[in-house]
Amino acid sequence: MEIAKEKGEFGYEFFSNEINKAIIDYTQTKTLLKNALKHREFIYHFQPYVDSKSLKIAGAETLLRIKHNNKIIYPNSFIDYAENSGFIKTIEKQMFPKFLEYLQQINIPLSFNISGKSLTDEEHIKNLFKKIHNLPINIELTEREIAGDIEYTKKIFNYFKNKKFRLSIDDFGTGYSSFSYLKDLPADYLKIDISFVRNIENSKKDYAIVETIIDFAHKFNMKTIAEGVENINQLKLLQNAECDYIQGFYFYKPMPFNEFKSLL
Ligand code: C2E
Ligand code: CA
Ligand code: CA
């Protein structure tokens with residue numbers, strides 16, 4: 001009791017608990033990922049996006065999860081660690097063949113998220129996509145991750161373009177890419193970040209940003225996909241602003257493959 005009080009007074013106890021928690025989280029996540037790889041517990045869920053006019057399904061995004069003891073573990077608890085540790089490359093190696101298997105069973109384009117860590121490893125990218133071309137694959141790269149070495153990014157974008165893949169810039173509006181940077185990248189879609197969509201009803205500024213992104217995209221021959229659409233008002237505003245595609249819980253939540261396939 002005495003010791004605990006003393007430690008508490010000096011803030012020591014709190015501090016050491018925080019560090020311990022971080023260490024436990026770190027080692028737990030590492031163990032989680034190792035086991036998930038070993039026991040093949042990684043799975044994909046599929047979230048369709050729709051054409052904003054016809055409201056018909058135009059494609060879907062594959063989203064990674066871990067299925068452990070019949071529980072689903074979402075990427076927010078492991079993706080940062082996976083990307084920073086480089087584990088993500090091993091996960092991609094294991095999961096990309098699965099992705100292709102799924103793609104063969106459907107007749108709409110599927111999006112595949114690539115982390116910045118993988119993107120900068122040219123050898124890894126080339127091994128992953130070796131012999132794969134001319135399939136309806138949409139590669140999603142976040143704006144934050146492409147805004148590094150412009151020459152390298154252009155090279156990788158062209159590598160994917162030569163394979164006839166589509167390219168999307170994800171979380172658009174949250175990174176630092178400049179117009180001069182974007183004008184040379186052969187991207188097909190800008191994905192408007194969820195943070196703008198969330199505020200679009202209440203903030204004129206956010207609506208203006210969304211309109212500007214859409215105008216910009218169209219002038220550069222790109223299409224736009226709005227993420228995180230959860231209600232009809234957001235949908236109407238996005239239709240007004242001529243957004244091309246809509247993704248969000250209002251239409252579909254991410255779902256297991258069987259459900260997705262029967263939906264199609
Ligand atoms: P992201 O690529 O921006 O994916 C969109 C996220 O928004 C997904 O979260 C999706 O479930 C969620 N979402 C979609 N519609 C709505 C909506 O209407 N409302 C709300 N609140 N959320 C919505 P999820 O699946 O948890 O994935 C989180 C992030 O994890 C992804 O963000 C992506 O950065 C990363 N991630 C997921 N799968 C992969 C993967 O296979 N590889 C890599 N490198 N990262 C992945
Ligand atoms: Ca994405
Ligand atoms: Ca996103």
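All values below come from the heavy atoms of this structure, side chains included, with hydrogens, waters and symmetry mates left out.
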Under the salt bridge (charged side-chain N to carboxylate O under 4.0 Å, His left out) rule, what pairs show up with a residue in [range], not counting sequence neighbours?
range: residues 191-214; answer: Glu61-Lys191, Glu140-Lys191, Lys191-Glu227
range: residues 162-177; answer: Arg144-Asp171
range: residues 110-137; answer: Lys89-Asp121, Glu122-Lys126, Glu122-Lys155
range: residues 241-256; answer: none

Nearest atoms (heavy-atom pairs only) where [X] meets [Y]:
X: Leu167; Y: Phe160; answer: CD2-CD1, 3.8 Å
X: Ser118; Y: Glu92; answer: OG-OE1, 2.8 Å
X: Pro109; Y: Ala58; answer: CD-O, 3.2 Å
X: Pro48; Y: Met255; answer: CD-CE, 3.8 Å
X: Asn138; Y: Ser168; answer: OD1-OG, 2.8 Å
X: Asp51; Y: Ser54; answer: OD1-N, 3.1 Å

More than 12 non-hydrogen atoms from neighbouring residues, nucleotides or ligands closer than 6.0 Å to [atom1] on [X], yes or no?
X: Asn76; atom1: CG; value: yes
X: Lys223; atom1: NZ; value: no
X: His39; atom1: NE2; value: yes

Name all residues meeting the ring-ring contact (aromatic ring centres under 6.0 Å, His included) criterion together with [X]; count only those two or more places apart in sequence or in a different chain, and write none if there are none.
X: Tyr49; result: Tyr245
X: Phe260; result: Phe46
X: Tyr159; result: none

- Query: By the rule that ILVMFWY residues connect when side-chain heavy atoms come within less than 4.5 angstrom, directly or transitively, which residues belong alongside Phe249?
  - Reply: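 Direct or chained contacts put Phe249 with none.
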- Query: Which ILVMFWY residues can you reach from Tyr74 by hopping between side chains whose heavy atoms are under 4.5 Å apart?
  - Reply: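 The other cluster members (ILVMFWY side chains, heavy atoms under 4.5 Å, direct or chained) are Ile43, Ile72.
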- Which pairs, with at least one residue in residues 82-101 and sequence neighbours excluded, count as a ring pair (Phe, Tyr, Trp, His ring centres under 6.0 Å)?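 Ring pair (Phe, Tyr, Trp, His ring centres under 6.0 Å) check on residues 82-101 returns Phe96-Phe99, Phe96-Phe112, Phe96-Phe129, Phe99-Phe112.
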Measuring from [X]:[atom1] to [Y]:[atom2], what's the distance to the nearest 0.5 Å?
X: Ile200; Y: Ile194; atom1: CD1; atom2: CD1; result: 12.5 Å
X: Asn35; Y: Arg40; atom1: CG; atom2: CZ; result: 14.0 Å
X: Asn113; Y: Thr142; atom1: CG; atom2: OG1; result: 9.0 Å
X: Ile209; Y: Ile214; atom1: CD1; atom2: CD1; result: 12.0 Å
X: Lys236; Y: Leu238; atom1: NZ; atom2: CG; result: 12.5 Å
X: Leu182; Y: Leu190; atom1: CG; atom2: CG; result: 7.0 Å

- Item | Gln104: side chain to side chain contact (heavy atoms under 4.5 Å, CB included) partners, not counting sequence neighbours |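 For Gln104 there are no side chain to side chain contact (heavy atoms under 4.5 Å, CB included) partners, ignoring immediate neighbours.
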For residues [X] and [Y], determine if any side-chain heavy atom of one lies less than 4.5 Å from a side-chain heavy atom of the other.
X: Leu141; Y: Glu145; value: no
X: Gln234; Y: Tyr250; value: no
X: Tyr207; Y: Asn199; value: no
X: Leu33; Y: Phe42; value: yes
X: Pro136; Y: Leu103; value: yes
X: Leu110; Y: Ile137; value: no
X: Leu64; Y: Tyr44; value: yes
X: Arg65; Y: His45; value: yes

Donor-acceptor pair, distance only, cut-off 3.5 Å: does the side chain of [X] make one with the backbone of [Y]?
X: Thr212; Y: Ala208; answer: yes
X: Gln239; Y: Lys53; answer: no
X: Ser77; Y: Ile73; answer: no
X: Glu83; Y: Ser115; answer: no

- Show your reasoning for whether side chain to side chain contact (heavy atoms under 4.5 Å, CB included) applies to Ile57 and Phe251. CA-CA 10 Å; Ile57 295 174; Phe251 288 101; over 6 Å; no
- Message: Is it the case that the side chains of Gln28 and Thr31 hold a donor-acceptor pair, with the cut-off being a distance below 3.5 Å and no angle test?
- Response: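 Short answer, no.
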- Task: Identify, with sequence neighbours excluded, every residue that meets salt bridge (charged side-chain N to carboxylate O under 4.0 Å, His left out) alongside Asp188.
- Result: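 Salt bridge (charged side-chain N to carboxylate O under 4.0 Å, His left out) check on Asp188 returns Lys161.
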- Verify same cluster id: Phe196, Ile225 (apolar side-chain graph, 4.5 Å):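 Different clusters: Phe196 never reaches Ile225 through Ile, Leu, Val, Met, Phe, Trp or Tyr contacts under 4.5 Å.
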